[in-house]
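Below you'll find the structure, written out as structure tokens, and then a few comments.
Please read all numbers here as calculations on a predicted model, not as lab measurements. Each chain gets a letter, A, B and so on, in the order the sequences are listed, and its residues count up from 1.
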Amino acid sequence: MKRNDKASRNARNGWLLSTPALLVLFVAATGPLVIVVLYSFLEKGDYSGVRWIFSGEAWFRILFERDIFDGTVSLADANLSIIWRSIKLSFMTTVITFVLGLPTAWFIATRSPASRAFWLFLITIPFWTNLLIRTFAIMEVLRNQGLLNTFLIHYGLIDTPLQILYTDTAVLIGMAYVYLPLMVLPLFAAIDRFDFKLIEAGYDLYASRMNILRHVILPIIKPGIVAGCILTFIPSLGAYVTPRILGGGKNMMIGNFIELQFGQGQNWPLGAALSTVLLVIVLGSLVLYTRISSRRAG
Amino acid sequence: MSVTNGFAVVARNVGKTYGEGKSAVTALGNVSLEIRKGEFFTLLGPSGCGKTSLLRCIAGFETPTSGAILLSGRDITYDPPNSRPINTVFQSYALFPHLTVAQNVGFGLKMQGKPKAEIASATARVLALVKLEAFADRLPQQMSGGQQQRVALARALAPAPEVLLLDEPLSALDLKLRKEMQGELKRLQIETGITFIFVTHDQEEALTMSDRIGIMSAGDLLQVGPPREIYNNPVNRFVADFIGETNFLTAEVRNNVVRIGAGHEFAVPLNGRQGTITLAIRPEQVSLGPAGTGLPAKVVEATYLGTDTHYTVALQDDSRLTARIQSNTTASLEVGDQVGLMIDPNAIRVLEA
């Protein structure tokens with residue numbers, strides 16, 4: 001009995017001691033989330049904000065639109081295409097950063113410890129530069145009279161400038177550039193821990209170079225690959241600055257669309273509903289990634 | 001019939017240099033070696049002697065700078081490792097951490113494109129050979145060092161290579177396990193009939209397991225022969241010193257008679273050598289008697305080692321010798337005792353000075 005008393009007192013003390021952490025967790029994480037979900041089920045205010053009346057209108061409007069004149073309901077193509085574009089561009093960003101990031105991380109991890117620090121420094125420099133400035137720099141490169149087009153025209157590869165800026169391609173290039181370090185760093189950490197003797201072992205056991213990559217390297221660095229993909233895909237989904245500047249307002253992603261609802265659109269419930277959708281997609285992809293990463297390679 | 005037919009591996013004037021110009025390091029000078037089919041051959045030498053470089057040239061991880069490597073008479077010098085029917089047991093085991101024991105063992109066969117049924121049966125057979133049937137579904141990191149060692153062995157044996165290379169595979173194990181694995185390796189070699197090339201710096205390991213030993217130092221092969229021959233007839237001071245314990249004595253040859261210390265004479269086969277020579281005498285071939293018999297000497301150190309006692313004695317000219325005497329044969333001697341030292345002349349080896 002006495003022991004039970006002590007155990008319960010310990011448990012009580014434990015709760016008491018974790019109160020500050022729980023408070024922060026509630027105020028900073030759970031609370032706002034509850035507010036967002038709550039707002040998505042309210043009626044929109046006249047100018048902004050919400051009216052405290054329950055309404056499913058915001059959720060309805062994500063998927064469907066009502067004709068202004070005759071009130072017929074059809075699928076909200078515009079909204080759906082924004083959500084679809086966000087997923088598509090984020091997925092492609094992840095693939096591009098992986099294809100570029102894997103050799104980069106491999107290169108860095110196989111340098112001598114001294115020069116490794118230098119290469120890692122180069123990779124992390126963009127982190128310390130303002131995102132806006134970096135995005136405007138990309139814009140300078142991509143615009144019609146920009147670096148890329150001038151170069152291509154100068155060497156006679158094209159006659160008229162390529163319209164890259166304000167297209168999905170520009171958004172993709174921008175996002176791949178911005179999120180590349182987030183892919184490289186976890187990959188580097190995984191490759192750094194990789195035992196290169198295993199390559200010799202595979203080579204000794206009749207594996208071709210391709211088979212060593214497929215059956216030895218990739219499965220072993222998979223935790224790094226999964227981490228890199230999560231770190232790239234999830235911020236890409238909610239990207240705001242890059243699609244805003246390089247997509248030119250036409251090629252919106254969810255992030256821009258949400259901003260629009262809270263800003264000019266003055267439709268907070270719709271913005272809140274869209275935020276919740278974004279969150280669900282993120283959680284869904286996280287579940288998917290963990291499924292993939294916990295599956296044992298065969 | 002080619003002269004190389006009876007040999008599993010032949011190294012012909014193999015040299016290996018790392019780097020170029022002034023910073024070039026020679027790992028292998030000019031090594032020629034013939035390893036017979038089905039033998040347990042050990043490359044023995046201190047670290048940095050080139051034994052691992054030679055092994056890596058045979059495995060294909062390194063390409064010799066000069067010379068050639070033949071496998072069953074076929075030149076494989078420039079073949080990549082994955083096309084050589086030679087497998088390696090790595091010092092660090094290098095087991096695939098993401099694969100189960102069975103998948104590790106079956107890896108080589110899978111890469112060779114063997115059918116699933118064949119892989120499964122070969123894996124089961126090899127796992128039985130190393131007594132790990134019960135661990136097929138474990139991951140390597142869930143096993144002890146000794147078990148991992150067996151998995152590494154099984155993995156290298158599964159594709160039934162012509163030659164198995166073992167790069168100091170026992171060095172990470174504790175003494176008891178190492179002794180056990182020595183016997184195990186020998187048994188596996190006999191059961192499979194595969195040529196084993198074993199690399200070690202442990203002379204005892206080499207003496208117990210090998211059919212033949214090759215002693216290496218500073219990139220050169222000094223002597224090749226069966227353990228007994230190397231122990232009893234070392235070609236030079238390095239080999240004598242590296243294999244077992246040896247007393248070295250400087251002696252004078254005068255009129256075909258060897259003189260040690262203050263004028264004691266021995267009849268030793270000299271093959272016409274004259275002047276100053278070095279004698280190599282194993283401690284177990286030195287016996288100590290009462291003062292007045294043999295060479296006069298004084299005990300300066302006595303170390304009791306259980307079965308044997310090691311006595312270090314000083315001769316009159318202060319040169320020292322170690323004698324290994326069975327502890328129960330004579331009354332124990334004390335430091336300071338005067339003794340008579342006797343050496344069987346047949347056990348004395350004459351080395352170049």
So with a 6.0 Å cut-off around CH2 of A:Trp106, is the heavy-atom count from everything else above 12?
->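 Yes, the 6.0 Å shell around CH2 holds more than 12 heavy atoms from other groups.
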
- Message: Centroid separation under 6.0 Å, is that true for the rings of A:Phe233 and A:Phe91?
- Response: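 Here the rings of A:Phe233 and A:Phe91 have centres that are no less than 6.0 Å from each other.
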
- Query: Quick one: are the ring centres of B:Phe196 and B:Phe41 less than 6.0 Å apart?
  - Reply: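 For B:Phe196 and B:Phe41, the ring centres are not under 6.0 Å apart.
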
Answer yes if the side chains of [X] and [Y] hold a donor-acceptor pair under 3.5 Å, and no otherwise.
X        : Y        : result
B:Gln91  : B:Ser171 : yes
B:Thr200 : B:Glu168 : no
A:Ser112 : A:Ser115 : yes
B:Ser210 : B:Thr42  : yes
B:Ser72  : B:Glu162 : yes

Let me know if [X] has heavy atoms under 4.5 Å from chain A in its side chain, its backbone, both or neither.
X        : result
B:Phe90  : side chain
B:Thr88  : both
B:Ile86  : backbone
B:Arg84  : backbone
B:Leu109 : neither

task = Validate the cation-pi geometry between A:Arg116 and A:Phe118: distance from NZ or CZ to the six-membered ring centre under 6.0 Å, angle to the ring axis within 45°.
result =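 Geometry flag: not set, cation outside 6.0 Å or 45°.
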
Taking the six-membered ring of A:Phe127 as reference, does the NZ or CZ atom of A:Arg134 fall below 6.0 Å from its centre and within a 45° cone about the axis?
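Geometry flag: not set, cation outside 6.0 Å or 45°.
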
**Study point:** Separation between CZ of A:Phe107 and OG1 of A:Thr104, rounded to the nearest 0.5 Å
**Key:**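 That separation rounds to 9.0 Å.
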
What parts of residues 186-193 of chain B touch chain A if we use heavy atoms and a cut-off under 4.5 Å?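 At a heavy-atom separation under 4.5 Å, chain A is reached by no residue of residues 186-193 of chain B.
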
Please output the residues of residues 172-206 of chain A in contact with chain B, using a heavy-atom cutoff of under 4.5 Å, in numerical order.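 Residues of residues 172-206 of chain A touching chain B at under 4.5 Å: A:Lys197, A:Leu198, A:Glu200, A:Ala201, A:Gly202, A:Tyr203, A:Asp204, A:Leu205, A:Tyr206.
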
Under-4.0 Å salt bridge between B:Asp79 and B:Arg74:
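Salt bridge flag = yes for B:Arg74 with B:Asp79.
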
